[in-house]
2 protein chains.
Amino acid sequence: MGRDQAMSEKKRLSPQERERQIVDEAIRFFAEQGFGGQTRELAKRLGITQPLLYRYFSSKEALIERVYQDVFVGRWKENWQSLITDRSQPIRQRLLRLYGEYAEVIDNREWVRILILAGMKGESLNRRYLDQVREKIIEPLCREMRFEAGLPDPDTLPLDEAERDLVWSFHGTFIYRGIRKWVYGIPVMEDSDTIVETAVTAFLEGAPAALSAILADRLD
Amino acid sequence: MGRDQAMSEKKRLSPQERERQIVDEAIRFFAEQGFGGQTRELAKRLGITQPLLYRYFSSKEALIERVYQDVFVGRWKENWQSLITDRSQPIRQRLLRLYGEYAEVIDNREWVRILILAGMKGESLNRRYLDQVREKIIEPLCREMRFEAGLPDPDTLPLDEAERDLVWSFHGTFIYRGIRKWVYGIPVMEDSDTIVETAVTAFLEGAPAALSAILADRLD
DNA sequence: GATGGTATTTATCAAACGATAAACAAATAA
DNA sequence: TTATTTGTTTATCGTTTGATAAATACCATC
């Protein structure tokens with residue numbers, strides 16, 4: 001009543017625009033409600049009717065699949081792997097940059113919650129994402145830590161499971177902070193630079209000792 | 001056909017037995033399916049009819065509430081806090097024992113997944129659990145780290161946010177391993193003693209340096 | 001400005017789902 | 001044996017929910 005034209009007066013968007021709009025809102029929506037969220041409410045938020053969703057996605061599952069794509073695949077930076085292995089820079093420097101960027105991606109409600117939701121649902125795409133993390137971050141970083149500690153290359157002396165675990169734990173430091181903040185709603189340290197510096201310092205100081213302990217009995 | 005008596009031939013259990021049975025299965029069931037799991041399927045697993053659930057719990061929500069109680073409240077060990085503050089033992093020893101026990105509780109599919117599910121749902125009980133972790137583990141451990149590093153007591157020099165963050169990250173090491181294993185289904189190191197030792201070693205070696213860096217400008 | 005294509009809505013279905021009431025049956029007591 | 005209690009099932013209700021088909025309205029083109 002009064003003025004019918006509220007905010008988004010535009011109707012009849014182009015298919016590209018509408019699809020983009022739906023996906024963007026779906027990411028926010030499912031991140032909040034979980035994948036149990038109803039298509040009707042999603043439509044309501046978009047200011048469209050529920051059947052219109054099915055013009056763009058054949059099923060709710062298809063829409064969820066698309067959400068995965070946009071969140072996981074779309075936000076991975078290709079330079080991360082090469083950043084780790086660039087020995088022209090000191091390891092500390094490399095880690096500060098890598099996890100500075102990574103922390104930015106993680107510090108996002110949708111990213112964290114959808115990662116968790118996908119895990120709980122046991123989606124294969126989620127598995128592929130973590131394979132990527134392992135292959136392109138964890139394993140290379142293990143190799144660099146060997147190098148820094150003056151220990152044999154993984155090609156010579158295969159990685160111990162405990163070594164990967166140590167690096168996963170360091171990596172997890174940042175993920176777990178995201179979970180504390182975006183899943184549990186606990187206040188966390190917000191100064192990104194300090195966060196990364198503290199974590200990297202603790203890791204570089206602590207890892208060599210742990211590494212020696214792990215490999216002690218395997219070295220002659 | 002043939003023998004109708006399959007496995008659990010017992011019918012008409014006592015209210016206590018039946019309730020216990022329902023809660024136990026509900027924990028497993030919801031941990032797998034999420035809280036969207038249907039009461040009909042839960043009943044099917046129990047070999048009972050769906051309406052019987054409502055004889056024991058007034059609603060699905062009430063059953064979920066009970067699941068929280070059993071998982072979070074029921075599995076907290078009271079000795080953990082006193083273990084940390086017992087300075088008659090070296091800090092390394094204390095941490096090995098505490099997280100040895102804690103790791104046992106965590107290494108449980110139901111515990112990890114229900115903790116996550118509760119977080120995603122934003123339940124207050126979940127919040128209370130994490131308050132307990134902070135109050136009875138994180139804060140005391142911060143105090144002990146100050147002591148070990150020969151730094152002023154938190155009563156004298158209040159804790160910096162970054163200090164809590166550092167300890168949360170150490171704590172998260174164990175949680176994140178549980179998430180990797182029970183949410184993402186990634187293989188993790190299974191030797192509990194080695195896990196704890198590696199994590200504690202890395203923490204005790206790395207934390208002092210990080211702590212000094214954090215407090216550098218606040219100390220005279 | 002009529003026409004055709006298509007983005008969007010209206011109307012509706014069928015199954016899923018939480019919940020309730022009444023009927024049934026197993027144990028206990030008289 | 002009969003009576004009484006109560007654990008359990010059968011039958012069913014009212015919504016909710018993903019999905020489809022037909023009708024409608026916006027927009028470009030001739």
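Protein chains get the first letters and strands the later ones, always in sequence-line order, with residue 1 at the start of each.
- Atom-to-atom, CD of E19(B) to C1' of dG7(D) comes out at 14 Å; the value is rounded to the nearest Å.
- D24(A) pairs with exactly one of R20(A), Q21(A), R28(A) by the side chain to side chain donor-acceptor pair (under 3.5 Å) rule, that one being R20(A).
- A heavy atom closer than 4.0 Å to some atom of DNA chain C occurs in S59(B), K60(B), these being the qualifying members of residues 55-67 of chain B.
- The distance between atom CZ of F30(A) and atom C1' of dG18(D), rounded to the nearest whole Å, is 11 Å.
- One atom, CG of L52(A), and another, C1' of dT24(D), lie 13 Å apart when rounded to the nearest Å.
- If you check every strand for non-hydrogen atoms under 4.0 Å, P15(A) touches sugar and phosphate atoms only.
- Residues E110(B) and V67(B) fail the side-chain proximity criterion, which asks for heavy atoms closer than 4.5 Å.
- At least one side-chain nitrogen or oxygen of T39(A) sits closer than 4.0 Å to the OP1 or OP2 atom of dG18(D).
- Atom pair L42(B):CG and dG18(C):C1' shows a separation of 13 Å (rounding to whole Å applied).
- Rounding to whole angstrom units, OH of residue Y54(B) and P of dA19(C) are separated by 4 Å.
- Side chains of R109(A) and K181(A) form no contact here, defined as non-hydrogen atoms less than 4.5 Å apart.
- Distance CG (L53(B)) to C1' (dA19(C)): 11 Å, rounded to an integer number of Å.
- Using modelled atom types, no side-chain atom of S58(B) and backbone atom of Y54(B) make a donor-acceptor pair closer than 3.5 Å.
- Looking at W168(A) and I186(B), their side chains come closer than 4.5 Å, going by heavy atoms from C-beta outward.
- The distance from atom CD1 of I22(B) to atom P of dG7(D) is 12 Å, rounded to the nearest whole Å.
- The CG atom of L13(B) sits 17 Å away from the P atom of dT6(D) (whole-angstrom rounding).
- Judged by atom type and distance alone, R18(A) does not reach the base of dT8(C) through any side-chain donor-acceptor pair under 3.5 Å.
- Using cut-offs of 30° and 60° on the angle between ring planes, the pair F174(A) and Y99(A) is parallel.
- Electrostatic pairing of R45(A) and E32(A) counts as a salt bridge here, judged by a charged N lying under 4.0 Å from a carboxylate O.
- Comparing atom distances between the I48(A) side chain and each of dT20(D), dT8(C), dT9(C) picks out dT9(C) as nearest.
- Out of dT6(D), dG5(C), dT9(D), the shortest distance to the side chain of R12(A) is found at dG5(C).
- In this structure, the nucleotide among dT20(D), dA19(C), dA25(D) sitting nearest to the side chain of R40(B) is dA19(C).
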